[in-house]
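A short worksheet on the structure shown next.
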Amino acid sequence: MICKVCGTNNEDYLEYCKKCSAPLHGSDNADNGAEAPASPRSFVRSPVWAKPEFNANTISENDIPADFLNGKAEETVQPAQPVQQPRQSAVQSGPVCPKCGARLIEGQRFCNSCGARIGDAVSAAAVSAASSAWSGSYSTPQQPSQSGIKYADPIDDRMFSYDYTETDDRRSKRAGGNKKAAPAQRPASRTAPRASASRKSTPSRRRRSSLNIKLLAMILGGILLLGAIAFGVIKLVSGGIGSGKSSITGEAKIEETTTASGDKAYNITVYAKKKSIVRFEGGSIVKEEPISGKSVTFGIPEQLWIPSEPVDPDELTADGYLAVTPNITVINKKGESEPVTFANPILISIPVIDMTVTSPNTENFSVSNPVVEIAGVVQDTTAGIYVNDEAVPVDETGSFTYTYTITEAGTTTLNIEARKNGYAINRKTFIVDYNTAGGATPTGGGNAAATPANVGDAKSIYYANTDGVNVRANAVDTSDVLGQLGGGDKVYVISADSNGWYKIAYNNTTAYVSGKYLTKVSDIASYTTTNATVNTDGLNARLEPSTSGTAMMQLSNGTTVAFVKDMGSGWSMIEYNGKILFVSQQYITKN
């Protein structure tokens with residue numbers, strides 16, 4: 001029998017090839033003796049076990065025929081052995097398997113019984129020497145035990161690799177399918193390049209793939225270039241030409257709210273980049289908050305923006321509101337500051353208070369006397385009146401009078417203000433030209449009034465015993481009013497008319513005042529004063545030497561006054577800032 005694997009000619013009784021140990025019979029040939037096709041890459045097939053004539057599940061020992069063992073019924077049946085040795089005669093000799101003792105034949109390299117490798121191929125001489133002594137027949141080898149199938153010795157490489165020579169016809173069919181191709185020509189040298197008719201007749205696939213890759217790379221590069229250009233344009237438009245990057249990311253918002261106590265307040269939200277610092281400044285208050293998300297919000301009460309200084313009416317809107325813009329800046333990581341802008345300011349309502357000034361009665365005037373009389377009425381009695389930041393008393397009716405003394409020659413501005421809640425609400429402004437030409441000779445010490453330049457033939461000194469006395473151009477009630485005298489104002493009288501009017505020196509001209517509103521102090525020739533100092537706080541200076549007299553002002557401790565004379569009953573006449581008034585004698589000290 002010829003081995004389908006290696007082509008060796010084997011005897012018909014062999015189960016395995018004597019050269020490569022490949023099975024010579026398939027499973028289908030076990031019963032009918034037909035030859036099974038050889039498997040090119042298989043190991044030793046497991047033999048088919050003989051089918052028993054009797055089944056232990058269907059028959060008993062009594063049913064076994066007596067002649068079943070061919071006259072050997074007396075023999076004891078032994079259990080099957082893992083490997084049944086081939087039957088040999090007593091005179092068996094010659095080469096045998098060193099592992100199982102089976103007989104070997106010429107050229108055999110593997111035991112046909114157990115598959116064990118034989119060191120050297122059995123020689124023909126050894127076989128012929130043993131053949132004369134051999135009698136009997138070979139029996140079919142038994143199936144190996146269940147401990148494992150016996151395989152051929154793996155030392156022989158031909159058991160694991162076989163040389164399948166691929167012919168040119170097979171290679172052509174595999175490359176081109178059913179298409180007919182020209183027979184391949186084997187090159188004379190292995191180093192010579194192969195050439196085929198198909199490669200010469202069609203474009204190179206590799207060249208087309210390379211072109212496709214290059215084209216795809218060019219397209220991707222163009223897309224990236226366009227994206228970079230678009231990104232640069234967006235950054236240029238958003239950042240502005242030539243401008244740096246802004247840390248402010250959105251428009252700031254202002255929302256009106258209230259504090260826990262119900263007072264008006266505002267929530268101010270600022271949007272900026274992370275790690276920036278937002279700084280709020282309001283007066284002496286400075287607050288900084290870092291940006292950890294997208295924005296920060298400040299809660300600011302309206303009271304923070306109420307001005308502590310007088311507000312110029314020109315700074316108010318037409319509706320009387322004060323426009324306030326929060327002072328907020330954003331500081332980036334480099335320490336650079338950027339102011340925050342707001343679409344609309346915060347509007348703070350400023351209440352309106354009516355104030356009327358009766359003296360002075362003109363916005364621009366000239367005087368030779370440094371003493372200027374101030375008088376008027378304010379509608380809100382809780383408001384304060386100030387003349388160039390000097391407080392002026394206001395009575396229960398809202399009336400106020402004050403004498404302001406100009407300290408130096410030239411032009412002086414007088415601001416008369418009505419204030420409330422710490423800021424100015426109403427203001428009247430006057431321009432005064434103080435001219436000292438003609439000489440001003442003091443008549444006493446301390447703050448004694450100077451003699452007016454237009455005193456002329458004045459003989460006596462009087463004072464106004466009533467507040468708001470009209471000064472007229474002529475000695476009649478219907479004459480033009482040139483001004484008013486405040487209570488206690490010092491008056492230089494030139495003469496007295498028979499109809500009760502006094503001609504006085506007033507500014508740089510003469511005027512007339514009804515005599516019933518004037519009280520004489522003394523003649524000019526005898527009028528003298530000495531310096532004195534107030535020794536208590538809040539000393540009332542009155543129009544009469546009595547506690548029932550109208551208090552025109554209060555003097556603070558340490559104020560210097562001009563002592564004129566004692567009035568008796570513990571009262572003294574003094575002159576202060578152009579006024580003749582009366583104070584308690586015990587509260588002044590003569591120098």
Side-chain angles (χ1 to χ4, degrees), residues 367-374 387 390-393 401-408 434 436 439-453 455 458-467 469 485-494 502 504-506 513 517-591:
V367 296
S368 58
N369 187 346
V371 177
V372 179
E373 301 296 334
I374 307 295
V387 178
E390 294 182 9
V392 175
T401 59
Y402 186 71
T403 300
Y404 182 81
T405 302
I406 301 174
T407 58
E408 59 184 13
Y434 175 37
T436 60
T441 304
T443 59
N447 290 326
T451 303
V455 66
K459 304 294 191 233
S460 304
I461 294 178
Y462 286 69
Y463 69 91
N465 54 31
T466 303
D467 193 32
V469 178
L485 299 176
D489 284 354
K490 185 179 180 182
V491 180
Y492 293 89
V493 176
I494 296 174
Y502 289 103
I504 66 173
Y506 186 74
V513 176
Y517 301 114
L518 299 178
T519 301
K520 186 176 181 179
V521 177
S522 69
D523 295 335
I524 291 179
S526 60
Y527 184 77
T528 58
T529 61
T530 57
N531 291 334
T533 302
V534 177
N535 56 29
T536 186
D537 277 329
L539 177 61
N540 290 320
R542 302 179 184 273
L543 281 177
E544 296 89 19
S546 170
T547 55
S548 59
T550 302
M552 299 305 297
M553 64 179 64
Q554 289 184 335
L555 303 175
S556 60
N557 188 12
T559 301
T560 300
V561 298
F563 173 79
V564 179
K565 59 182 176 180
D566 287 330
M567 302 298 297
S569 302
W571 290 90
S572 296
M573 177 185 288
I574 64 170
E575 180 180 346
Y576 181 75
N577 281 348
K579 287 182 177 293
I580 304 297
L581 298 173
F582 301 91
V583 297
S584 177
Q585 186 179 5
Q586 60 179 331
Y587 297 117
I588 61 172
T589 303
K590 296 177 184 180
N591 296 338

I need the minimum non-hydrogen distance between [X] and [Y], along with the two atoms involved.
X      : Y      : result
Ile588 : Leu539 : CG2-CD2, 4.1 Å
Ile580 : Tyr463 : CB-CB, 3.7 Å
Ala464 : Gly486 : CB-O, 3.5 Å
Val521 : Lys565 : O-NZ, 3.4 Å
Ala391 : Tyr402 : O-CE1, 4.3 Å
Met552 : Pro393 : O-CG, 4.0 Å

I'd like to check [X] versus [Y] (side-chain heavy atoms, cut-off strictly below 4.5 Å). Are they in contact?
X      : Y      : value
Thr405 : Val371 : yes
Glu544 : Met567 : no
Trp571 : Thr547 : yes
Tyr492 : Ile524 : yes
Val513 : Leu485 : yes

Rounded at 0.5 Å granularity, tell me how far [atom1] in [X] sits from [atom2] in [Y].
X      : Y      : atom1 : atom2 : value
Ile374 : Thr401 : CD1   : OG1   : 10.0 Å
Thr519 : Ile461 : OG1   : CD1   : 14.0 Å
Thr550 : Asp467 : OG1   : CG    : 8.5 Å
Thr403 : Asp489 : OG1   : CG    : 4.5 Å

* To do: Please say whether more than 12 non-hydrogen atoms of neighbouring residues, nucleotides or ligands are located less than 6.0 Å from OH in Tyr517.
  =>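 Not more than 12 within 6.0 Å, no.
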* Decide if atom CD of Glu408 counts as having more than 12 heavy atoms of other residues, nucleotides or ligands within a radius under 6.0 Å. =>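 No, not enclosed.
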* In sequence, state the C-alpha distance, the side-chain angles, and the governing distance for Asp523 and Ser460, and then conclude on side chain to side chain donor-acceptor pair (under 3.5 Å). => CA-CA 4 Å; Asp523 295 335; Ser460 304; 3.1 Å; yes
* To do: Could you tell me which residues satisfy side-chain hydrogen bond (donor to acceptor under 3.5 Å, both in side chains) with Ser548, sequence neighbours excluded, listed by chain and number?
  =>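 Expected list: Ser546.
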So, [X] versus [Y]: side-chain donor-acceptor pair below 3.5 Å or not?
X      : Y      : answer
Asn535 : Thr589 : yes
Ser572 : Asp566 : yes
Asp537 : Ser556 : no

* **Among Leu543, Val561, Leu555, side chain to side chain contact (heavy atoms under 4.5 Å, CB included) partner for Leu581** =>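 Of the listed options, the one satisfying the test is Leu543.
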